[in-house]
Every structure is written in structure tokens, then in C-alpha cells.
Amino acid sequence: MTQELIFLEPVFHQKIWGGRMLESDFGYQIPDGPIGECWAISAHQSGDCKVAKGRFAGMHLSELWSTHRELFGKLASDQFPLLIKILAADDDLSIQVHPDDTYAAQHENGSLGKCECWYVLHAKPGATIVVGQNASSREEFARAVNKSKWGELLNIIPVKTGDFFQINPGTVHAIRGGTLILETQQSSDVTYRVYDYNRRQADGSLRELHLQQSLDVIDYKQQAPTNGTITAIEKNGVTRLVSCDCYTVDRVRVEDTTRLMAHWPFLCMSVIEGSGKVNGQLVARGDHFIAPAGIDVLELTGSMELICSYPPAD
Ligand code: ZN
């Protein structure tokens with residue numbers, strides 16, 4: 001049976017570090033206030049996207065996952081595995097780290113851990129980002145935190161438009177102000193905050209920190225990167241950004257026509273530049289959709305750029 005593309009309506013989240021970029025840059029209709037995150041493809045309980053049109057219009061993605069598993073290659077997981085977001089940071093995000101699946105299952109009510117990756121849609125000149133840290137042990141890290149030696153502790157590197165970063169669980173990281181990022185991650189909301197710049201929320205309170213959990217999960221042996229330049233070679237418009245246990249992420253550039261042969265359980269697609277058609281359906285920058293199982297060939301025409309991702313098969 002031929003399946004149609006499943007277009008989703010984003011869910012927006014207010015954040016202390018957010019702003020209005022999702023409206024001014026992407027043209028989304030967003031709620032008032034500092035909006036930092038667009039959950040573009042999500043079945044997570046904190047932001048479960050609705051299907052925008054077609055035969056499943058109005059259904060939540062979580063519902064579609066539980067009742068129509070055939071659309072998703074019959075994967076066995078009880079939760080939709082991925083979460084695709086746009087992060088629009090006017091100000092710095094907290095210094096944070098995420099657990100892996102094992103730690104999260106034990107300490108966070110059976111939640112998934114969080115492996116995430118960032119494709120940089122835009123970075124203002126001179127922008128920087130935090131990926132990794134310089135302490136080689138738990139004790140050394142704790143000592144640096146106590147003395148607020150953030151400059152020495154954190155691996156702060158320049159970031160530019162078109163960069164890519166894989167953030168494995170246990171990697172200390174922070175997106176900083178002036179960046180717009182397409183994030184592909186495991187469907188999880190477990191974040192341990194190491195430091196939040198002593199910044200106060202609108203009601204005067206501080207956001208909670210989780211130093212003990214952070215110390216537990218930080219990978220002290222990891223080599224920190226020096227930049228996010230993509231080195232993979234583009235083949236027929238497709239650049240493999242990462243393939244890990246949690247997901248594979250590709251950048252797809254379309255000039256005229258590109259054909260993709262299905263080799264995934266299903267494919268999450270986000271148009272990040274330009275416009276065109278996917279199997280005859282008009283799509284443009286800011287659209288997010290799923291090509292379900294049953295679509296064997298995707299024909300992309302026009303002039304556009306997409307980030308596409310899929311989970312591993314069972
Ligand atoms: Zn994170």
C-alpha cells in the first residue's frame with residue numbers, strides 16, 4: 001500500500017534563554033514570551049505533535065505510534081524513539097549533561113537516556129559553544145566547580161553556520177546565545193544542570209541544579225573536539241553526519257532531482273532551506289514530516305536542503 005507523508009504541527013516551549021527567532025526567522029506562529037524550542041517531530045509527553053493533515057489529521061504522534069506501528073516499520077519500542085527540535089537561543093543555555101539509557105532507566109523512572117546532535121542552521125559572527133570539558137576525574141571536576149573555574153573547566157569552541165556536533169551521553173555541553181540549531185535526539189527530557197550562571201527566572205527563582213547526578217554521568221575520558229566542521233564527503237547530495245546506536249542523521253541537498261531509496265524503518269525529514277516537492281507534495285523551509293514505511297522511493301525536486309534521520313532497525 002502506498003503511504004502518504006505525515007506532516008506534523010510543531011509544539012513550542014518558552015525558555016529563559018529563548019526569544020522571537022522562531023517567528024522572525026522561520027515564520028512560525030508562536031506564543032508570546034521568550035520561546036526557545038520548537039518540538040518539530042515529537043511523541044514525547046511534554047510536547048506530543050499532532051498530525052497536520054491527511055488521513056491521520058488531528059491524531060497525536062504518540063497515538064499513531066501505538067495504533068499504527070506498520071507506519072514505523074513495526075519497531076518494537078514502546079515509545080517513538082526520536083525527537084527533532086529547533087533550538088533558537090538568544091541567550092546561553094545552562095551548562096548541562098545527559099545520562100545514558102542505563103543510568104536514566106535506574107534513576108529517572110525508566111526514561112530513555114539522551115544522545116543528541118546539532119546541525120547549526122545559523123550562528124552569529126563570533127558565536128561559541130561548549131562541547132566537552134577538561135577535568136580528568138570526578139574529583140577534579142567537582143573542585144573546579146566549587147571554585148567556579150568555568151573558563152578552565154569548559155571546552156569552549158567557535159561555532160559557525162553549517163557545523164555539526166554529536167553529543168554523546170556524558171558530554172558536558174551548552175548551546176550559547178546567537179545560535180539556531182536543528183537538534184536530533186533520543187526522545188527524552190532528562191537534563192542534569194551543572195551551572196546556570198546564577199540567572200533568575202521571571203519569578204525571581206533559580207532553576208534547579210543537579211551536580212551529583214552530573215558528576216555520576218560525566219565521561220571524564222572523552223576527547224573534547226576543537227571544531228564542528230563537517231568532514232564527511234557528500235554523495236549524490238547526501239552527507240552522512242552521524243550514525244550511532246540511537247540514530248543516523250543525513251544532510252540532503254537537492255538541486256533539481258534527488259532520489260532516496262528507503263533503507264530505514266521510517267524517515268524523519270525537516271526542510272531547513274529552500275522549497276520543492278517530496279513525492280509530489282509541496283514542501284518548504286520549516287516543514288517537518290515523516291516518510292512512513294511503505295514508501296520505497298522518495299523523489300525530491302526543487303532547490304532545498306533537508307536534515308533527515310532514522311532510528312536503527314530492531
Ligand atoms: Zn542537551
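Read the numbers this way: they start at 1 and go in the same order the structure lists the ligands and their atoms. Along the sequence shown, the residues carry numbers beginning at 1.
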Checklist entry - What angle sits at the Zn ion (ligand 1) between OE1 of Q96 and NE2 of H98, to 10°? => result 90°
Checklist entry - Salt bridge check: are R138 and D216 linked by an N-O gap of less than 4.0 Å? => result yes
Checklist entry - In H173, the N, O or S atom nearest to the Zn ion (ligand 1) is which? => result NE2
Next on the checklist: Determine whether a donor-acceptor pair (N or O, by modelled atom type, separation under 3.5 Å) exists between the side chain of Y220 and the backbone of L215.
Outcome noted: yes
Checklist entry - Does E183 bring an N, O or S atom to within less than 2.8 Å of the Zn ion (ligand 1)? => result no
Item to check | side chain to side chain donor-acceptor pair (under 3.5 Å) partners of residues 121-133, not counting sequence neighbours, each pair once | outcome: T128-R176
Checklist entry - Can you list every ring-ring contact (aromatic ring centres under 6.0 Å, His included) pair that touches residues 144-164, not counting sequence neighbours? => result W150-Y195
Checklist entry - Taking the N/O/S atoms of E116 one by one, which is nearest to the Zn ion (ligand 1)? => result OE1
